[in-house]
Amino acid sequence: MIQLVARLALVLFAIWAASTVFEPGHHAARLEIAADSLEHALISLGLFTLASAALPKINLLWIGLAVLGLGLGLELLQLAQLAPGRFELRDILADYCGMVVGWLAVAVGEARSGHRAR
């Protein structure tokens, strides 16, 4: 049951995360210092954590690459001016940092519960 709920949450979270790029006037950097980078890191953390719970048989490396691929893909859409905003390398770095924190959280959780980290 937890896998089903995690998969639903993952799909909804991924749709929300991707849709923020297309929000008219969305520009998190205008809110506060580093708000845009924090938003990217938190989205990557959430995607990684939910994906690892929803897809327990998938190696964490592939989940991490998928999360980074999504972040890079959205940034490339901005670079191609197919989505509002602008391409920023620091957003990709923030995506990476969020993914790493998610990976560590999942690995520690699996180690504490007696599961082998994937």
Inset, instruction - Begin from the C-alpha positions of V101 and L104 and carry the test side-chain contact (heavy atoms from CB on, under 4.5 Å) through to its verdict. - result: CA-CA 5 Å; V101 170; L104 291 173; 5.6 Å; no
Legend entry - Check against side-chain contact (heavy atoms from CB on, under 4.5 Å), I92 and F87: CA-CA 9 Å; I92 297 168; F87 176 87; 3.7 Å; yes
Legend entry - Evaluation steps, side-chain contact (heavy atoms from CB on, under 4.5 Å), between H40 and E75: CA-CA 11 Å; H40 277 266; E75 287 299 313; 3.3 Å; yes
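The two residues S37 and A94 come nearest to each other via the heavy atoms O-CB, 3.3 Å. Residue L61 comes nearest to N59 through the heavy atom pair N-OD1, 2.7 Å, listed as atom of the first residue, atom of the second, then distance. Taking both residues in full, the closest heavy atoms of S52 and V106 are given as OG-CG2, 3.2 Å, listed atom of the first, atom of the second, then distance. In terms of heavy-atom proximity, I63 sits nearest to A51 at CG2-CB, 3.6 Å.
The distance from the CG atom of L70 to the CG atom of D95 is 8.0 Å, given to the nearest 0.5 Å. Taken from CG in L74 to CG in L79, the straight-line distance is 12.5 Å, to the nearest 0.5 Å. Expressed to the nearest 0.5 Å, how far CG of L55 lies from CG of L60 amounts to 10.5 Å. Separating the CD atom in E88 from the CG atom in L93 is a distance of 12.0 Å, to the nearest 0.5 Å. Interatomic distance, CG of L72 versus CG of D91, reported as 11.0 Å (0.5 Å rounding).
No chain of hydrophobic side-chain contacts below 4.5 Å, direct or via other Ile, Leu, Val, Met, Phe, Trp or Tyr residues, connects W103 to V108. Put simply, L65 and V100 are part of the same group of oily side chains (I, L, V, M, F, W, Y) that touch within less than 4.5 Å, one to the next. Y96 and W62 fall within a single hydrophobic cluster, where Ile, Leu, Val, Met, Phe, Trp and Tyr side chains are chained together by heavy-atom contacts under 4.5 Å. A chain of hydrophobic side-chain contacts below 4.5 Å, direct or via other Ile, Leu, Val, Met, Phe, Trp or Tyr residues, connects I58 to L47.
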